[in-house]
Every structure is written in structure tokens, then in C-alpha cells.
Amino acid sequence: MTLQTQPQPRTRTRTALVIGGGIAGATTALALRRAGIEATVYEAYDSTADGIGGGLTLAPNGLNALDAIGAADLVRDIGSPMTAIVLHSWNGKQLAEFGTPPGVAPMQFVWRTELYRALYAEAVANGVGIVHGKRLVRAEQDGEGVTAHFADGSSAGADLLIGADGIHSTVRSIIDPAAPQPRYAGLVSFGAQVRDSGLASTEGRTLMSFGKRAFFGWWTTEPEGTGRDGARRDGSDRDGTAVWFANLPRTEPMTAAEAHAVGAEEWLRVLTTAFADDRSPALDLLRRTDPADLLITGPMESMPEVPVWHRGRMVLLGDSAHAASSSSGQGASLAIESAVQLARCLRDLPQHQALTAYEQLRRPRVERIIKAAARTNSNKTPGPVGRVVRDAVMPLAMKLVKPEKMAWQYEYRINWSEPVPAPSTAATGARTGSAAPASHSA
């Protein structure tokens, strides 16, 4: 599709450098393009991210945000609805089942590589330049603009620099050398896709097991060619494809590189031991997993509160500013929301006001969701006594939880055509500041 742009007054942001070419970066460039702002994406890696990463859930609010810029059909074409989550204890006892609140569309499961590919292609089709092999090392700014300097000796300039470069953001450290670093959540994550899983379809539900030693989740699709009555159209008895993921508690932190160095075969052995006593499909799915197909996601991390989101002509977006744990199911959706809201603010306000308005719109919401996800992570690493208490209390607690109370996460909508008002001066001015040194290096 071709985005319809809106006229951009010359007194406002006209050009932007987007640092980071992942899902957040491509969405940001698309949103800016629709707002009438010329954006170029600079990606550190020489190649695209095709084939990298596992699956993710896109929440209804993330889809709503893509709808605001006319890109939601990209997800509808590649996603699979997830209608409910069912929680079990290690012995197979069901602890709880919950779906999206009444009247709210289900989450969509997508493979990260497919979502990345779709957004990348859409950005290019709409005139966004994406340049690879550009690893940011420092940036300079003044009253006229900002200049990014890359490891290969090249540089680029624009009115604004946007850090969409993930949880280990270089831009975050350039904006604030004292910025906090990612916090290890005590879990190492893995996943895989298993064809001919031997399991019946979970009918759109994601099943999860709080195991004795680790956390396991899975869901299974209908076999290709299955009719509405469940019968195979081609007469075969092939089972559906399963997707599984695991969170393995580990006290000592390790980097993603260290996790990969252990090797897939060794990790599968470790995971088989961890799930040996659990009454779940974990062991069978692990046995059916080809080591070549194991996704070693690495340490689960989250960001503490980031005090400074923007300074001068530089601003953070997505995981660089508000990295929610994967337990939230909201990481990609929050990044997409932020991309769209930042574009709206830059469209309607002078830059210094736009960045303050953007933070006022986003910070309270994302920090509330991050705190909720942190509580979920603590349930995955409770220890023997805590496990017994959790399994005893959770069924009662979940009965008291009304789905409507979660609607605030999923019903969030962005009205693209509504003008963004000027920000209040008291809420974030002390946290961000408008002045900045002329240059920083990381």
C-alpha cells in the first residue's frame, strides 16, 4: 500500500535518523513517513534479520496502533489468533484459564522473522531508506540538527535522531551516560517449532506449565489441509505443528553469546532434565526437537525505569526506553504504539514540545505494564515452598480477577487524525531536560 502523507510545516521536524532496523525501527519509519517526515533507518548489521528470532504475540492494542497508520493487514495476513491462556501446575492440574476481555479481539501469534520481513518490505515500498552496516558510535547536536557517526567512518545528519536500537541501546547511553543497564530476570529462554508434534490442536489456546524446575509453554495448530470437522483432506494422519518455549531459572547471569556457546544439544539435555518430573508434553516435544531448530533466545532481561527518554534532538523508543519482559506479551505492541504516538507528536508540535508530549503520553502506560510483567516473572522462579503456595493460591486468585480489569491494556487506541495538544510543563520537564552537551560518544 502507499501511505498518504500530510504536509509538514518547515518549523517542525522534517527529517529523522532512525537507529535500529528491527520491528520498532521499521514501524517508526512508516509512521514518520505518514506524518510527512522523511526518515532513514540505519541498521548495525550488514544483513537483514530474516530467519532470526522466534515467535511473539501481538496484542490487540498493537494491532490497533498499526491500524492507525494503515499497516494492520500486514499482521492479519501472517498471524494466528490466540484465544486464551491456560495455566497448569507441574502435575497437570489446571490452575487458571483466561482470555482477552469480552468484546476485545484475540492476540495474534506471529513469527518474528515474518513480521520483520513484512514491515521491512512495507517501509521500502513507501520510500523509506534502510542502510545496513551502520553501527552508531557517537552523535553530535546543535541548534541546527544532529549528526550520527558510524563505526565505518561515515556520518549522517537530520533534524532528529531516534534510538530504536533495542534493550542494549547505544543511543540511550549517548543521551544519558548514567542511564541504567538491562536487568537480568533470572531466566534463560528457549523455543522451537516442531512439525508432526504428536499433539492435537490446542484450538487457539496457549497452554503453560509451571514446572518443578522450569516454565514451559506450548500451542499446536491444526495440520495443513484439515477441514472444519477436523478430518484431513488429503487422507494422511499427519499431526499439527507445535510451537514451544521454555524459561529456565539460572542464578548466574549469562550473555546471549555465552548461551549460544553452550550449544543446542547440551541445552536440550539440560531442559530434558529440568522437565523430567513434569506431567506436560515438554519431554516429548524436546525429544522431537531437532537441535538445528532450537532457538536459544538467551537471558530474559528487562529495563529498570529509564529516567531520561530524550535530550535535545535525540529520543528513545521501544525497548531502548521501556523494555517489557516477554512475559507481558506486550513488548512489540508497546514499541509499535510508541512509534505511532511519536510520529503524531512530531507531526503536530515543534520538536522540543513534541518529545515532551510523547513522553507524557507513553511513560505512565508502559511502566504500569512493565510492573505487571515483573510480577509474572517472579511466579516462574518461586523455589519449592513458593511453588506450593503459588499453586494453592493461584486458582482462587484467578477466580477473583475479572477480565474487564485487564481491558485497559488491550483497548488502547490511537486516533491518528486527532491533533496532539501541547504538553503540560510540570510533568516531565525535570526528568528530561532540553539542553544537552554538543556531543557524546558511546
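Side-chain contact between Arg12 and Arg347 is absent, with no heavy atoms from C-beta onward closer than 4.5 Å. Using a 4.5 Å heavy-atom cutoff, the side chains of Val18 and Ile130 are not in contact. Side chains of Leu316 and His322 form no contact here, defined as non-hydrogen atoms less than 4.5 Å apart. A 4.5 Å side-chain heavy-atom check between Ile414 and Arg344 finds at least one atom pair inside the cut-off. For the pair Ser280 and His88, the minimum side-chain heavy-atom distance is 4.5 Å or more. Between Ile162 and Leu160, the closest side-chain pair of non-hydrogen atoms falls below 4.5 Å. The shortest distance between side-chain heavy atoms of Val194 and Thr241 does not fall below 4.5 Å. Ile174 places none of its side-chain heavy atoms less than 4.5 Å from the side chain of Arg311.
Remark: the backbone N or O of Trp408 is not paired with any side-chain donor or acceptor of Glu411 at under 3.5 angstrom. Formation of a donor-acceptor pair under 3.5 Å by the Thr15 side chain with backbone atoms of Asp159 is found in this model. Judged purely by atom type and a 3.5 angstrom limit, Arg135 has no side-chain atom pairing as donor or acceptor with the backbone of Ala151.
Counting all heavy atoms, side chain and backbone alike, Leu349 lies closest to Ala357 at CD1-CB, 3.8 Å. Listed here is the closest heavy atom pair of Ala148 and Leu161: CB-CD1, 3.8 Å.
With sequence neighbours left out, the side-chain hydrogen bond (donor to acceptor under 3.5 Å, both in side chains) criterion links Ser333 to no other residue. With sequence neighbours excluded, the residues satisfying ring-ring contact (aromatic ring centres under 6.0 Å, His included) with Phe109 are Trp111, Trp219. In terms of the ring-ring contact (aromatic ring centres under 6.0 Å, His included) criterion, residue partners of Phe216 (sequence neighbours excluded) are, by chain and number, Trp218, Trp244, Phe275. Taking the side chain to side chain contact (heavy atoms under 4.5 Å, CB included) definition, one finds that Glu43 meets it with Tyr45, His132, sequence neighbours left out.
Salt bridge annotation for Arg14-Glu38: absent, with no cationic side-chain nitrogen under 4.0 angstrom from a carboxylate oxygen. Salt-bridge check for Arg138 with Glu140: passed, with a basic side-chain N closer than 4.0 Å to an acidic carboxylate O. Taking 4.0 Å as the cut-off between side-chain N and carboxylate O, Asp67 and Arg76 count as a salt-bridged pair. Salt-bridge formation is detected for the pair Arg269/Glu266: a Lys NZ or Arg NE/NH1/NH2 atom is positioned less than 4.0 Å from an Asp or Glu carboxylate oxygen.
Trp309 does not carry Arg172 over the face of its six-membered ring by the limits of under 6.0 Å from the centre and within 45° of the normal.
Counted by atom type alone, Ser189 and Asn247 present one or more donor-acceptor pairs between their side chains at under 3.5 Å. For the residue pair Glu301/His168, the side-chain donor-acceptor check at 3.5 Å is satisfied. Asp165 and Ser169 share a side-chain donor-acceptor pair at under 3.5 Å.
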Could you walk me through whether Phe245 and Phe190 pass ring-ring contact (aromatic ring centres under 6.0 Å, His included), step by step?
CA-CA 6 Å; Phe245 62 92; Phe190 309 86; over 10 Å; no
Intermediate values then yes/no, salt bridge (charged side-chain N to carboxylate O under 4.0 Å, His left out), Arg362 and Glu337:
CA-CA 9 Å; Arg362 300 302 298 153; Glu337 287 179 5; 2.8 Å; yes
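Note that CG of Asp142 and OG1 of Thr147 are 7.0 Å apart. Values are rounded to the nearest 0.5 Å.
For residues 147-157, every residue pair satisfying the salt bridge (Lys or Arg N to Asp or Glu O under 4.0 Å) rule, not counting sequence neighbours, is listed here: Lys134-Asp152.
For Glu258, the CD atom is densely surrounded, since the number of other residues' heavy atoms within 6.0 Å is greater than 12.
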Do any side-chain atoms of residues 78-87 form donor-acceptor pairs under 3.5 angstrom with protein atoms, and if so which ones, sequence neighbours left out?
| from | atom 1 | to | atom 2 | distance (Å) |
| --- | --- | --- | --- | --- |
| Thr83 | OG1 | Gly204 | O | 3.3 |

